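Notes for the one structure printed next.
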Amino acid sequence: MAAGVATWMPFARAAAVGWLPLAQKTMPKPPVDKKSRSDEILFVNVSGLRFQTWKNTLDRYPDTLLGSSEKEFFYNEETQEYFFDRDPEMFRHILNFFRTGKLHYPRHECIQAFEEELAFYGIIPEIIGDCCMEEYRDRKKENQERLAEDTEAENAGDAPLPPDATLRERLWRAFENPHTSTMALVFYYVTGFFIAVSVIANVVETVPCRPIKGSIKDLPCGEKFSVAFSCLDTACVLIFSFEYLMRLYAAPSRCDFARSVMSVIDVVAILPFYIGLVMPENEEVSGAFVTLRVFRVFRIFKFSRHSQGLRILGCTLQACASELGFLLFSLTMAVIIFATVMFYAEKGTKGTTFSSIPASFWYTIVTMTTLGYGDMVPDSIAGKIFGSICSLSGVLVIALPVPVIVSNFARIYHQNQRADKMRAQQKVRQARIRMAKKGATNAFLQHKEDGGLQDGDSDSTPLCVKNRSAFEHQHHHLLHCLEKTTNHEFTDEVTYSEVCVTDSVGFRTSRSTSLSSQQGATTTCCSRRAKRRAFRLANSTVSVSRGSVQELDTLHITKTPAGTQYPQSRSSLNARTEDLKLNCADYTAAIISIPTPPANTPDESLPNSPAIPGILRNSRSSTYNTQETVKISSL
Amino acid sequence: MLFLSLDKIDDDFELSIVCHRPEGLDKLEAQTNFSKQELQVLYRGFKNECPSGVVNEDTFKQIYAQFFPHGDASTYAHYLFNAFDSAHSGSVKFEDFIMALSTLLRGSVREKLTWTFNLYDINRDGYINKEEMTDIVRAIYDMMGKYTYPALKTDTPKQHVDAFFQKMDKNRDGVVTLDEFILSCQEVNFLYIYTIIIVPPTYSCLLL
């Protein structure tokens, strides 16, 4: 049902009364409104701000949150009101929509916040009234553009390549983002240099040099040092061709690349040379050959890869294509009009330069753009009058589209500047976000060290553990569950790399240095930690695949007699491991985990180091096991 | 300017997002094992996160990524999503969510096991074969991330699966049926099974 129509239902039903006399069959019974009660005032509490409204007001729009039964989910029995934990300022606008039927967009609010509120209350933004619609659309488009730029800046190029990138991908990356690697940068500057050299050579070629001995006429340098110049030209063309072919090879989509503007410029820059090679040294054709040399000047456009400003200019021209088109068209119109007028005005004058209308075009253009070369001047009075009108109107016609072009240029320029700024800030931003994330991941590891993972008595939990929020409790419990499932523990990067190193070398260097300080300070914690360690390690279950030496297979496994005490001094920690004896068939989890060596005795203050090999004592561990099964709670 | 400029009709008219409203509170209370207050709490949290009323797979994966920042939770999130999305519609509505939660938090042991079986049975053919089990276990190990002690080897999941499968597959026919699954789990004193599900923080009151 369309919004707001619900209010008119009684009127529509009145229409049915009009059909009664004409009805051929008896009318069906009207639906019984079970919950029919008289209109009442509802209380809506939005973050403390209490709103009151008639129930009917809200019922007007039954496909929104407030108009449907969805609001019952937010009903608070004790206070007999609907409580929403949302922005009260925005709610004012939402409620006004229900009251008046028109949704207004508050101009000082953030567009995204407003849209989120609308989404929450189930109101589609298209309902916004005409008075505010334009503002809303503009802001939304601006926001979207900005977001699109941001994501583009994020995705574009500065992210490191995946390690398995092919040569092609790496090459393309080097071409598109020269600052990613030194090789790319070198190549970038070399090509830039050669473009400059080529352009300068083209220019210098035509400068007159001192004539060779025996001749009087000045020669252009190009002919005097023709060998040198042609060598230079060949070298430049070879480099450009090589670059073009490499780009073509590396491009992810060759068709798109071949059609792009830059590639067209590249082709145009090198083509004349090859055509010159192919074409015979004919006299007639050499004229065309000379024309082709003109195209060599297009090499200067290759600089646009190196200069962002040029690209912006190109973008601007593209964006202002319609304005430029208008400019051209109106100029043409004016030129034709004024040329005709001037021609007929000057027709009477003797020896006039205005020989034909096309000849007058030149005068009109020169006058309208206020150049005024003076090679053609009107003599008659009428000609002078129309000439002055021509120059005045020229100023106006040219001045009109220019601000549009300028504003477009400014917009694109600022966009680019913002993109650059964004890229520079991005690195800092990402670094900060990474640090915050690491904080969250490290919270769990810290929590483990604080002895929070005790399955045992609650009164011995250290204070640092008790003061966590309920959410943290749940989260850490979840992570602990995952550890139990996989029978691996979370560690941080440092420990992991240490373990990797010692794994390969064959003996362990414990984290004694890092932990010795901890040991001294928190002895109670440590002993409990050791106890907990013993509990946890003893909570190993049996793997059915007998004798499977899993991840400890890199270590040397030696059997240690059951009675040997583990030496206390950590300095003498060696890679003493033991056989993985199988325990009793006590399953604590449906998912079988790999047996880990439990710690030795719980009352030794063993460091919480992964380098604790222990001695498997069947009797002890079995008791631990049975104890442990009771303590595990289910979700 | 009038007829030279092409009329660029910026029609970024995005159709309004799908908005789903759940059925009445009373009906949901009857269908699940939650009380009215609990449903209210659950819905408020759900609505806050997903104003449109549905969760899609990407949101699911993002949620999981936040809870398991160490590793890559996306594969497991994908399997979980399929388990929640019983109708295979590509999005999880509040009703689906609540039904699954009701089973997982308040259901009987058999119901929980059936749900878990459906989670593991990726292709929904009624049997769990070794490949499905390996996929699930590998997804779980992915969540651990790289920095674990002891270090994860590439065949750790496989060995994990081998052990489990041997135990579960009673008649050695290469697949585990629902009955075999339930039977073997109950042997293991299922009360202590860890069912790893993800529950947003607002539901903390319901977890204990």
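Small disclaimer: the values here were computed from a predicted structure and weren't measured. These numbers come from the heavy atoms of this one structure, side chains and all, not from hydrogens, waters or symmetry mates. A note on names: the letters A, B, ... follow the listed sequences, proteins ahead of strands, and every chain is numbered from 1.
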State the [atom1]-[atom2] distance between [X] and [Y], to the nearest 0.5 angstrom.
X	Y	atom1	atom2	value
H488(A)	Y141(B)	NE2	OH	5.5 Å
M144(B)	F490(A)	CE	CZ	4.0 Å
L65(A)	K47(B)	CG	NZ	5.0 Å
F94(B)	F73(A)	CZ	CZ	5.0 Å
L482(A)	F67(B)	CG	CZ	13.5 Å

Mark yes when over 12 heavy atoms from residues, nucleotides or ligands other than [X] sit less than 6.0 Å from its [atom1]; otherwise mark no.
X	atom1	result
K158(B)	NZ	no
Q318(A)	CD	no
E134(A)	CD	no
K170(B)	NZ	yes

Closer than 3.5 angstrom, by distance alone: can the side chain of Q40(B) be matched with the main-chain N or O of E72(A) as a donor-acceptor pair? yes

In plain terms, say whether K36(B) and E77(A) are close enough for a salt bridge, that is, a side-chain N and a carboxylate O under 4.0 Å apart. no

Name the region of Y75(A), side chain, backbone, both or neither, that has any atom closer than 4.5 Å to a heavy atom of chain B.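 Contact with chain B: backbone and side chain both.
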
Heavy-atom pairs under 4.5 Å with chain A, option from T148(B), L25(B), D162(B) with the top count: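 So the answer, after comparing T148(B), L25(B), D162(B), is T148(B).
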
Sub-4.5 Å side-chain heavy-atom contact between P22(B) and E70(A):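 SC-SC contact between P22(B) and E70(A) confirmed.
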
